[in-house]
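A short write-up of the structure that comes next.
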Amino acid sequence: MTAQTGNAPRRHSLWKEIKRNRVAYAYISPFFILFLIFGLFPIVSGLYISFFRWDGVGAMRWRGIDNYTRLFTDPTFIKALSNTFIIGIIAHIPILGGGLVLAHLLNGTYVKGQNLFRTIYFLPMVTSAVAITIVFSSMFGYNFGLINYFLGLLGLQRVDWLGGVGENIKTAIIIMFSWKWIGWNMVIYLAGMQGISNDIFEAATIDGARPSQVFFRITLPLLKPIILFTLIQSSIGMMSLYTEPVILTDQMGGTRNMGLTVMMYLLNKAPRGNNIYGLASAAAYVITIIVIIISLLLNRAFHERSHLEREEKRRRGRKRRYA
Amino acid sequence: MRYLPLLLVALALLGLAWLSRRSRLVSQTLLYGFLGLLALTMLLPFFWMFVLSTHLTADIYTNPPPFWFGSNLAANYRAMNEAVNVGRSFFNSLLVATAHTSLVLLFCSMGGYAFSVYDFPGKRTLFAIVLATMMIPGIAGIIPWFFLITKLGWINNFLALIIPGAANAFGIFWMRQYCQNNVPVSLMEAAKIDGCPEWRIFFRVVAPILLPAYSALGIMQFVNVWNDFMVPMLVLRDANMRTLPIMLSYMRGDPTRGTNLGAMMLASTLTVLPLLIAFLSASKYFMSGLTAGAIKE
């Protein structure tokens, strides 16, 4: 109503602007409505629930930060946390480094048939995690598995991937995970490299730069924002790792919980089975906070380095001018 | 003494690196050898899955393991159908994935189009919010989310898989990128002057331009939903409602029958193969759409 009174011409025009663009608001409204209902509301009430003791049906009882202290005194949770970190950090090496190297090799004109290679490396991405985990678990078999058979051909010792005291479960998960995700990162980096002007690559090649030099001096620095993006995305992916370990081992992560991840821990508390909703919600928030901290640290690290480089460049430029 | 082989391998690698600097032949051989070997590694699990689905469990547990197709596909097929209702699960997966993908394409293209072409108050803030939601992991709300679904009566209902993610931030961001590069504003204005209503402009003029973007985003979404395990596992209860991944995990954990590896591999193949074929036939389109969607800085 106020918008229509004449003594507020600015608001009046704003209202008119909004009215004129009502179609645009209608177009973006599905996202915001769905996000409010299925995104924001659960996230906020998740924090609320995490301070209560609740079995999902009865009354909720206030417990303060009890759930959080219970989490961090639970050796199983600590184990799940360390498992997730170990798997996450080690698996990033092949996914990130390998993805970058592959994207670099398949970008320019170094390789004939690049499209064939790109397609093959991307194939694992379209497969069901459950199906492929079932296949891998048979490949990881101790007596009749394919991998041990190949190891035998090479004259190496057989590895008890899933059994024993569970010491190799994490390695098995990492192998599977890298197999699946390396192609995805490769494609994202390829998309990023497409954004880099071809002139730069051509100029470098004409100047006689070797492929490795092009990679370290040109591609890598220019891809930084995209590397940051993939790092944050894959950190989120790592912290919510669930399907592969659950199918490869069992709900508890196999022998001595060696394959238990935080996500499995969370869903074991509730709603799959135990109905300890407050504790599960607290676990969800711990995971989220870890993800946020990782994202902030990564952001910071990437920012800092590019800043340093700028400094370095400026200093070098000045020296040359005075020389 | 134990590390002698490793040492030799390292020395050999160093030697090869030195040689490849000198000779183009060596470097090319190394390059293609590496790429080819990696390609084989990527393909091996698929091949192994296909091979095992034609063998009986007893034949699989032999040394050396079978490397070529056997003759027991029919027997595995029968065993699989006794254990689970594959046709039903296949239909469920297809239904959920199709419905979800259609909604995502509609909502995301509408949103991306609005953010790229219109100039409305609050646009920058709203778009910043869209981007910010991409950085919030959805895990934080998983417990209340589950309750919400229960309260809505969506347990055992496909709506729980179709509706919540129907307009996602990444899709809107991606569609906006594409619109900005490919949809000329002048075209819009011309259509508007001709008296074409806005929704008709969108469906008749804009949507056809967006086809490549639709195909790439559509494949991504379809694949995600088809393969999703965690959410269906939480939501779907009935045997009749199982999607393919849920059916597979049931087969794997089925305590009454023991594991029939051959039948399980066949079921896995049936889960993977449709997407594999679809992707391979559209891969040229998809790859170019994905890389041309251009994350340009």
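Proteins get letters first, then strands, A, B, ... in listed order; numbering begins at 1 in each.
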(message) Is A:Phe150 in contact with chain B via its backbone, its side chain, both, or neither, using a 4.5 Å heavy-atom distance?
(response) side chain
(message) Quick check on B:Tyr32 against chain A: is it the side chain, the backbone, both or neither that has a heavy atom closer than 4.5 Å?
(response) side chain
(message) Counting only non-hydrogen atoms closer than 4.5 Å, does B:Leu52 touch chain A with its backbone (N, CA, C, O), its side chain (CB onward), both, or neither?
(response) side chain
(request) Please flag which part of B:Leu273 lies under 4.5 Å from any non-hydrogen atom of chain A: side chain, backbone, both or neither. (result) neither
(request) Count the heavy-atom pairs under 4.5 Å between each of A:Leu34, A:Leu47, A:Ile289 and chain B, then report the option with the highest count. (result) A:Leu34
(message) Given B:Leu44, which partner from the list A:Leu146, A:Ile147, A:Val135 fulfils the side chain to side chain contact (heavy atoms under 4.5 Å, CB included) test?
(response) A:Leu146
(request) Sort A:Ile247 into side chain, backbone, both or neither according to what part of it lies under 4.5 angstrom from a heavy atom of chain B. (result) both
(request) Go through the atoms of A:Leu116 and report whether side chain, backbone, both or neither lie under 4.5 Å from a heavy atom of chain B. (result) neither
(message) Report which part of B:Phe120 has an atom under 4.5 Å of a heavy atom belonging to chain A: side chain, backbone, both, or neither.
(response) both
(request) Could you look at B:Asp228 and say if it's the side chain, the backbone, both or neither that has a heavy atom under 4.5 Å from chain A? (result) neither
(message) For chain B, which candidate among A:Ser29, A:Gly39, A:Ser137 shows the most heavy-atom pairs at distances under 4.5 Å?
(response) A:Ser137
(request) Could you tell me which portion of A:Leu153 (side chain, backbone, both or neither) has an atom closer than 4.5 angstrom to a non-hydrogen atom of chain B? (result) neither
(message) Heavy-atom cut-off 4.5 Å, strictly under: side chain, backbone, both or neither for A:Thr133 against chain B?
(response) neither
(request) Measure distances from B:Ile172 to the heavy atoms of chain A and classify the residue's part below 4.5 Å as side chain, backbone, both or neither. (result) side chain
(message) Using heavy-atom distances under 4.5 Å, tell me whether B:Ile246 contacts chain A through its side chain, its backbone, both, or neither.
(response) neither
(message) Can you tell me which portion of B:Ile139 sits under 4.5 Å from chain A's heavy atoms? Options are side chain, backbone, both or neither.
(response) both
(message) Against the six-membered ring of A:Tyr265, is A:Lys269 placed for a cation-pi contact (under 6.0 Å from the centre, within 45° of the normal)?
(response) yes
(message) For the aromatic rings, using the six-membered ring if either is Trp, is the centroid distance between A:Trp54 and B:Phe147 under 6.0 Å?
(response) yes
(request) Tell me, please, whether B:Tyr113 has B:Arg176 positioned over its six-membered ring: NZ or CZ under 6.0 Å from the ring centre and within 45 degrees of its axis? (result) no
(message) Is B:Leu38 in contact with chain A via its backbone, its side chain, both, or neither, using a 4.5 Å heavy-atom distance?
(response) both
(request) Count the heavy-atom pairs under 4.5 Å between each of A:Phe35, A:Tyr48, A:Phe136, A:Tyr277 and chain B, then report the option with the highest count. (result) A:Tyr277
(request) Name the region of B:Leu35, side chain, backbone, both or neither, that has any atom closer than 4.5 Å to a heavy atom of chain A. (result) both
